[in-house]
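Input: a single structure, listed below in structure tokens.
As the structure is a prediction and not an experimental result, all values here were calculated from the model. When reading the values below, keep in mind they use all heavy atoms of this one structure, side chains included, and skip hydrogens, waters and symmetry mates.
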Amino acid sequence: MSIEVQSTTTEAEEHGVEWWALAPDAAVTEAKADGARGLTATEVETRRAEFGPNALQSAPPPSVWRIALSQVLELMTLMLIAVTIVSLLIQQFTTAIIVAILVLFNVITGTRQEVKARRSVDALAKLQTPQARVIRDGSLSQVDATQLVPGDIVELESGDLVPADGRILRSANLETQESALTGESLPIPKGPAENTAETALADRTSMVFQNTSVTRGTARIVVVETGMRTQMGRIASLLTQVGDKKSPLQLELDSLTKVLGIIAWSAVLVIVLIGFARGQSLDELLFLATAVAISAIPTGLPVFVQSLLSWGASKLAKERAIVASLNDVETLGATSAICSDKTGTLTLNQMTVRTAWAGGNTYRVTGQGYSFDGRVLGTTDEPLDAPTLGLAIGLPNDATVSNEGDVVGDPTEAALIVLAAKLGVDADDARREYPRLAEVPFDSDYKFMATLQRIPVRGEKQLVLLVKGAPDVVLGRCTTMLGEDREVVPVASDSATAELERMSATGLRTLAFAARFIDDADEGKVAADAMSWVDELVLIGIVGIVDPLRPEAKVAVEVAHAAGIDVRMITGDHAVTAGAIGAELGLGAGAVSGADLKQMSDEELSRRLPDLHVFGRVTPDDKLRLVGLLQAKGNIVAMTGDAVNDAAAIKQANIGVAMGSGSEVTKQAAKLVLTDDNFATLVHAVELGRIVYSKITAYLRFQMTQLLSLIMLFLAASAFSIAEGVALFPAQVLFINFFVALFAVLAIAADANPPGIMNHPPRDPRIGVVNPVSLVEWLVYGAVIFLIALVPLVWGPDEPSPSQPTASMTMAYVVLGLATVLSALLMRRTPESGLLPPIWAVTKILIWPVILIVASTEVGLLQRALGTVSLTGWQWLECIGLTLILLVVVEGDKWIRRRRAANRQPGRRVATAVAPR
């Protein structure tokens with residue numbers, strides 16, 4: 001397959017204005033706005049008529065009738081409808097009714113299961129911010145965010161969702177969380193200073209984007225894009241450009257259905273021509289054609305495949321994985337490449353302090369995420385007892401973290417709150433006990449925050465100016481540091497720099513902490529101008545922060561690798577951070593940034609893909625391109641993610657996977673939603689997909705064997721003038737193909753899962769279910785059933801006749817019925833024996849079709865409907881003896897294949913791998 005990604009098209013070419021590169025006043029002028037008074041009511045109405053509502057659009061889900069029509073138009077269903085019509089024309093009403101019921105059953109079952117699997121929620125509309133504070137006609141009011149238009153002046157503050165794409169006019173300590181759009185896990189400092197025209201989306205600090213959140217500060221913006229013209233709208237537009245694709249199994253079954261159609265109608269044509277040459281009447285020929293068509297059409301195929309896929313979907317739902325369409329169950333089993341987002345998918349999306357450096361010593365911090373469980377441990381695993389250090393970390397901080405892990409404020413500050421708790425300090429209590437006497441709010445220009453508080457130092461309360469910020473800035477303002485014994489010593493710049501480099505090399509974000517001890521007499525001076533006192537600091541320590549891996553993610557990656565599935569990480573984070581996470585996961589070598597990707601042609605990137613496993617700072621277009629190139633190399637690709645910026649690539653992938661906690665846009669684009677956000681659940685879903693596929697191939701082995709045997713039987717009857725070509729009555733064939741085969745199908749579905757299914761590489765979808773090996777198997781087994789059913793027609797107790805029931809035709813019918821039951825038992829797995837345990841679950845199901853076969857030859861009502869007669873005890877024994885020939889051939893064939901495999905690979909043992917739960 002191929003995909004066209006026009007990544008060279010710039011946003012400026014689409015929208016005409018590079019808003020991020022304009023000065024604030026120029027942006028207001030370009031937007032035809034008034035930065036002080038806002039738009040007038042008349043201007044708002046004019047622009048709403050021009051640009052439409054500030055809402056994202058999504059395509060409506062298909063109606064039930066549309067889904068039902070698609071079921072009716074399936075080739076198999078159309079062939080059955082044709083058989084129904086012909087049966088009515090020749091007054092074979094019993095046959096017509098049974099086939100019509102079968103058609104109706106197929107359509108209703110398929111429609112119900114497909115409707116149940118589809119989600120009809122308009123997820124895009126849910127994303128719209130409900131309210132926005134806008135300045136119009138010189139006054140501030142609150143309006144429905146869908147009513148915003150380009151040129152509106154909007155006020156933002158901490159906790160707000162940004163209602164539209166906007167250019168920042170002024171701000172104070174503004175930071176936004178843009179992981180839903182760019183994949184960047186950390187808050188982004190924002191401000192009114194313009195960026196260059198070439199600045200990438202993730203680095204446009206002068207812009208705010210729809211449906212991102214404000215984590216700190218305030219701002220005034222001018223709305224520059226609304227609705228589908230926003231960055232979120234562009235991603236929604238990408239979804240419409242990516243068409244729905246059929247699963248590998250759908251494609252294979254479509255091809256198989258066409259082949260079966262050709263075989264069936266070719267057989268009908270040949271047999272009808274033989275009958276015409278023999279001089280049979282039109283009614284006789286139509287009767288014969290109906291019997292052959294029913295024999296040659298695998299009537300149970302749609303029902304079984306739909307039912308088994310539905311079973312797989314139900315199993316997945318119990319394992320917390322919801323599929324959008326039944327065919328996606330099988331696609332999972334063919335997955336050969338997984339492209340996973342990092343933030344919130346492989347990681348917790350909860351910033352965590354992993355390591356700390358203080359007094360010249362390095363400490364490791366245990367625990368994960370925003371849980372207070374954990375300790376700060378030294379090299380000898382002794383817990384660090386440093387309440388003063390805890391105060392220095394927890395006090396210059398505005399975030400809050402509840403005992404349940406709920407965060408209000410900046411995620412990085414939340415990580416520091418948790419660290420302070422591990423050092424024995426409750427930050428909320430400490431902030432109440434030691435109120436701020438002065439502060440320097442954080443600003444991206446000077447990259448630090450400072451607070452003045454009176455805290456206990458060596459048992460006495462003392463004025464201390466506590467500072468936290470970027471390590472290079474803080475270190476540059478330090479002259480001394482706290483030593484190992486908490487004494488003040490000259491700052492060890494080399495040691496601190498080496499520690500910073502070590503942390504950065506492992507993908508950690510670093511922050512430094514410092515303090516200045518203030519005399520009580522200088523309190524007023526500090527309060528009047530705290531900024532000027534952020535100098536001659538004492539370095540307290542440095543911490544390394546990371547968004548940690550989910551505990552189960554590494555194990556899941558190992559299981560995927562054991563199953564032959566290549567895993568790649570695609571994220572909006574910087575390549576260095578992503579590379580460190582990738583190394584910890586064991587993804588493999590090769591990390592590259594989005595900027596480097598853009599320099600590569602498709603040919604070069606495709607050539608280098610086997611050696612690239614981590615992609616950092618990528619855009620939605622980059623993700624879409626990567627998925628497309630992997631598919632072009634023949635991979636069945638699963639793309640996981642939870643953010644809006646993943647949505648287009650998720651829809652392009654063969655199996656798009658969204659996280660339950662992710663954006664509704666992403667869930668709508670996905671084919672699988674993991675409600676527990678657990679990457680390991682995806683691996684287990686792949687295992688279930690493989691199990692479903694193995695059962696489908698077992699069913700096809702069973703079904704094709706029956707079909708080919710019936711075609712051979714009718715061709716032989718026509719060629720040798722047995723019962724004028726009518727080897728069996730149409731009703732008899734239908735009874736076997738539907739009622740008897742139904743229990744056979746249930747037995748195959750109920751069979752135990754194949755052992756070691758996750759120890760094998762993914763199946764090659766290019767080989768398909770129809771291949772030379774399977775064809776030979778189908779033909780050999782089908783020929784055996786044909787021959788044992790032919791015996792009573794040729795050497796039976798009486799002359800078979802198309803006009804009245806006979807013992808010979810009844811015996812042939814019984815042999816075919818018993819062979820159908822035995823086939824289900826023997827062919828449910830290969831090359832393993834079908835007689836080995838566990839077998840009880842299968843045999844207790846197969847008892848019922850045997851009872852049906854006996855009843856159909858002994859109960860008067862069924863005899864009249866099917867055209868059968870009662871058989872003697874010896875005739876039953878003959879039928880059973882003929883059926884056992886099939887057991888000898890099938891089990892003998894599988895025994896030979898097992899011996900050959902053992903000789904090719906002596907001493908090999910099959911292991912069993914199960915995805916972690």
Could you tell me the separation between the [atom1] atom of [X] and the [atom2] atom of [Y], rounded to the nearest 0.5 Å?
| X | Y | atom1 | atom2 | answer |
| --- | --- | --- | --- | --- |
| Asp535 | Thr479 | CG | OG1 | 8.0 Å |
| Asn173 | Thr218 | CG | OG1 | 7.5 Å |
| Thr347 | Asp547 | OG1 | CG | 3.5 Å |
| Met600 | Leu629 | CE | CG | 11.0 Å |
| Met232 | Asn211 | CE | CG | 5.0 Å |
| Ser340 | Met569 | OG | CE | 8.0 Å |

Which atoms form the tightest heavy-atom contact between [X] and [Y], and what is the distance?
| X | Y | value |
| --- | --- | --- |
| Ala438 | Val526 | CB-O, 4.2 Å |
| Ala530 | Glu439 | CB-O, 4.3 Å |
| Glu175 | Pro187 | OE1-CB, 3.5 Å |
| Val627 | Gln652 | CG1-CG, 3.8 Å |
| Val614 | Gly579 | CG1-N, 3.7 Å |
| Leu391 | Ala430 | CD2-CB, 3.8 Å |

Does some side-chain heavy atom of [Y] sit less than 4.5 Å from a side-chain heavy atom of [X]?
| X | Y | value |
| --- | --- | --- |
| Tyr446 | Val440 | yes |
| Met449 | Asp398 | yes |
| Asp428 | Thr400 | yes |
| Gln147 | Asn54 | no |
| Lys598 | Asp622 | yes |
| Val44 | Asp152 | yes |
| Leu156 | Leu174 | no |
| Leu148 | Val134 | yes |

Can you confirm whether the side chains of [X] and [Y] place a donor and an acceptor under 3.5 Å from each other?
| X | Y | value |
| --- | --- | --- |
| Arg509 | Thr412 | yes |
| Thr230 | Asp165 | no |
| Asp144 | Thr146 | yes |
| Asp341 | Thr640 | no |

Donor-acceptor pair, [X] side chain versus [Y] backbone, under 3.5 Å?
| X | Y | answer |
| --- | --- | --- |
| Arg431 | Asn397 | yes |
| Arg220 | Leu169 | no |
| Thr497 | Ser493 | yes |
| Ser504 | Glu501 | no |
| Tyr370 | Met351 | yes |
| Trp19 | Gly166 | no |
| Ser206 | Trp20 | yes |
| Thr176 | Glu178 | no |
| Gln453 | Tyr434 | yes |
| Thr352 | Gln350 | yes |

(request) Among Ile540, Val418, Leu419, find the residue that satisfies the side-chain contact (heavy atoms from CB on, under 4.5 Å) test when tested with Ile393. (result) Leu419

(message) Consider side-chain contact (heavy atoms from CB on, under 4.5 Å). Of Ile153, Val154, Ile168, Asp34, which one does Val222 pass it with?
(response)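 The single option meeting the side-chain contact (heavy atoms from CB on, under 4.5 Å) with Val222 is Ile153.
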
(request) Please step through side-chain contact (heavy atoms from CB on, under 4.5 Å) for the pair Leu22 and Val17, ending with a clear verdict. (result) CA-CA 9 Å; Leu22 297 178; Val17 180; 3.8 Å; yes

(request) Check step by step if side-chain contact (heavy atoms from CB on, under 4.5 Å) holds for Trp357 and Leu539. (result) CA-CA 11 Å; Trp357 181 83; Leu539 178 64; 3.9 Å; yes

(request) Take Leu597 and Leu605 through the side-chain contact (heavy atoms from CB on, under 4.5 Å) test and state the conclusion after the steps. (result) CA-CA 7 Å; Leu597 279 182; Leu605 179 56; 3.6 Å; yes

Under a 4.0 Å N-O cut-off, is there an ion pair linking [X] with [Y]?
| X | Y | result |
| --- | --- | --- |
| Asp203 | Arg617 | yes |
| Lys32 | Glu43 | no |
| Arg47 | Glu50 | no |
| Arg167 | Glu225 | no |

(request) Mark yes when over 12 heavy atoms from residues, nucleotides or ligands other than Asp522 sit less than 6.0 Å from its CG; otherwise mark no. (result)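 Above 12, so yes.
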
(message) As a quick check of understanding, evaluate side-chain contact (heavy atoms from CB on, under 4.5 Å) for Val353 and Leu416, giving each step before the final call.
(response) CA-CA 7 Å; Val353 177; Leu416 300 177; 4.2 Å; yes

Ignoring hydrogens and angles, write down the donor-acceptor pairs under 3.5 Å from the side chains of residues 466-476, residues two or more places apart or on other chains.
from: Lys468; atom 1: NZ; to: Pro396; atom 2: O; distance (Å): 2.6
from: Lys468; atom 1: NZ; to: Glu413; atom 2: OE2; distance (Å): 2.8

